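So the structure is just underneath, and the comments pick up after that.
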Amino acid sequence: MDRWDRAGRVAAYGAALALTPYVLIKVSWVVGSLVGLLPVGTGFGMAEWVVLNSATIAMAGIGIAVALALVRPWGMRIPGAPLAFCAWVGAGFLVPVLPYAVLSSLLGSDGGPKSGDDADPSMPVWEAVLIQIGFVGMGLGLAIALPAYVRRRWPDVFAGRLGDRGEGAPGALPWMAVVGAAVGLVWLYWAVGGTLGVAHRDERGTAWYALAATFGLWALAASLATWATVRGRPARLPRWVPMALGWLGSGSLFAWSGWKLPFTLYLAITRPADASLPENLAVAVVLHLAAVGAGAAMLRALVRTRTESSRSWPTISPVRRSSS
């Protein structure tokens, strides 16, 4: 076991341990609300509150299982595709927002990356701290343990340079890169104070601006990385650079917009009086749908352009190769 494997081992166990209190807190919220000991969150009925928190419990449980799979021997034997997909979603949720989460914790900001139900003002401080530790710990753990796992199971995935496989695919820009860049530019426009597509300007806060900038930058990074990988340019660029950026950026587009889309649709349909978003709901729905589609297509493009030497990489979509 070399130093990378040792670091991955510590990171994986640390990630699973960090997220465990989050699961226990969410279970207490569900049970407490059902027996009448705890209130439901603002803007939610009992059914919505239980379903929402049950979903986050399931997601956190999958995250813990993924973290353990990255280090335990059985993780090398299970099918690669579902593990890679879950790791892609988990890394997309947490790794891109790590700088913001750490800074907001150090500065005492009112918001880390919220899951949509963690902003209840009645939540005790110790619960908020444990939830933040869970997010940051899992994000840091995945950032270290996932590359170590890929290095063991698919050692050739990130090897070489972009030009090693030839000239790359000719033609127009990949559509998913164009869509992802457009979504990212809209988020960056809002981050610098743009108001087109914003319905409730007073609802914008520091956290909203910071997260819009974060997601916008990662959307642009994913688009550029996908373009570079598909086209094979610049030829001398190490393959791991665009693959890593494309993996994280596409996961961020898919995971965060996939998570926000149901909330946005819920608000658009029910129009509750005590809950709203800064964005125009129709615009937000279109952006999230575009982000989910672009993120999924970017993952497919990254898998399709793997090198000949990495045939053991999990096949998420059919790969067609020319006879030349």
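Starting from 1, each residue takes its place in the sequence as its number. From a predicted model like this one, the values you see are computed outputs, not experimental measurements. FYI, side chains are in, hydrogens and waters are out, and symmetry mates aren't considered; it's all heavy atoms of this structure.
- In this structure, Trp208 places its CH2 atom where more than 12 heavy-atom neighbours from other residues, nucleotides or ligands lie under 6.0 Å away.
- Residues Tyr13 and Val66 share a hydrophobic cluster, clusters being chains of Ile/Leu/Val/Met/Phe/Trp/Tyr side chains in contact below 4.5 Å.
- Panel note: side chain Thr214, backbone Ala210; a donor-acceptor pair is recorded below 3.5 Å.
- Val198 has its side chain out of reach of Glu203: every pair of non-hydrogen atoms, C-beta onward, lies at least 4.5 Å apart.
- Taking OG1 of Thr20 as the start and CD1 of Ile25 as the end, the distance is 11.0 Å to the nearest 0.5 Å.
- The aromatic rings of Trp88 and Phe85 sit tilted relative to each other, their planes meeting at an angle between 30° and 60°.
- Clustering ILVMFWY residues whenever any of their side-chain heavy atoms sit less than 4.5 angstrom apart, transitively, puts Val30 in the very cluster that holds Val23.
- Residues Leu261 and Val285 have side chains in contact (heavy-atom distance under 4.5 Å, counting atoms from C-beta outward).
- In this structure, Ala87 and Trp247 approach most closely via the heavy-atom pair C-CZ2, 4.4 Å.
- Listed for the Arg153 side chain is a donor-acceptor partner under 3.5 Å among the backbone atoms of Gly75.
- In terms of heavy-atom proximity, Ala284 sits nearest to Glu279 at CB-CB, 4.1 Å.
- Residue Ala69 comes nearest to Tyr149 through the heavy atom pair O-CE1, 3.6 Å, listed as atom of the first residue, atom of the second, then distance.
- Taking 4.5 Å as the limit, some side-chain heavy atom of Phe263 sits within range of a side-chain heavy atom of Leu52.
- Between Met243 and Leu302 there is a side-chain heavy-atom pair separated by less than 4.5 Å.
- Residues Ile269 and Leu267 do not share a hydrophobic cluster, clusters being chains of Ile/Leu/Val/Met/Phe/Trp/Tyr side chains in contact below 4.5 Å.
- In this structure the side chain of Trp49 never reaches within 4.5 angstrom of the side chain of Leu38, judged on heavy atoms.
- When all heavy atoms of Pro242 and Ala228 are compared, the pair lying nearest together is CB-CB, 4.5 Å.
- In this structure, Val97 and Trp256 have side chains that are in contact, with non-hydrogen atoms separated by less than 4.5 Å.
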Would you sort out whether Arg9 and Arg72 count as a side-chain contact (heavy atoms from CB on, under 4.5 Å), showing the intermediate values?
CA-CA 9 Å; Arg9 184 181 183 87; Arg72 298 301 301 163; 4.2 Å; yes
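- The shortest distance between side-chain heavy atoms of Phe93 and Met138 does not fall below 4.5 Å.
- For the pair Tyr22/Ile57, no side-chain contact is recorded, criterion being any heavy-atom separation below 4.5 Å from C-beta on.
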Show your reasoning for whether side-chain contact (heavy atoms from CB on, under 4.5 Å) applies to Leu220 and Leu188.
CA-CA 10 Å; Leu220 290 181; Leu188 288 177; 3.4 Å; yes
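- Note: His288 and Trp187 have tilted aromatic rings, judged against thresholds of 30 and 60 degrees for the angle between ring planes.
- Nearest heavy-atom pair, Leu146 versus Ala91, reported as atom, atom and distance to 0.1 Å: CD2-CB, 4.4 Å.
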Apply side-chain contact (heavy atoms from CB on, under 4.5 Å) to the pair Leu70 and Leu142, showing each step before the final yes or no.
CA-CA 9 Å; Leu70 297 179; Leu142 284 178; 3.9 Å; yes
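- Among all heavy-atom pairs drawn from Tyr189 and Leu196, the shortest one is OH-N, 3.2 Å.
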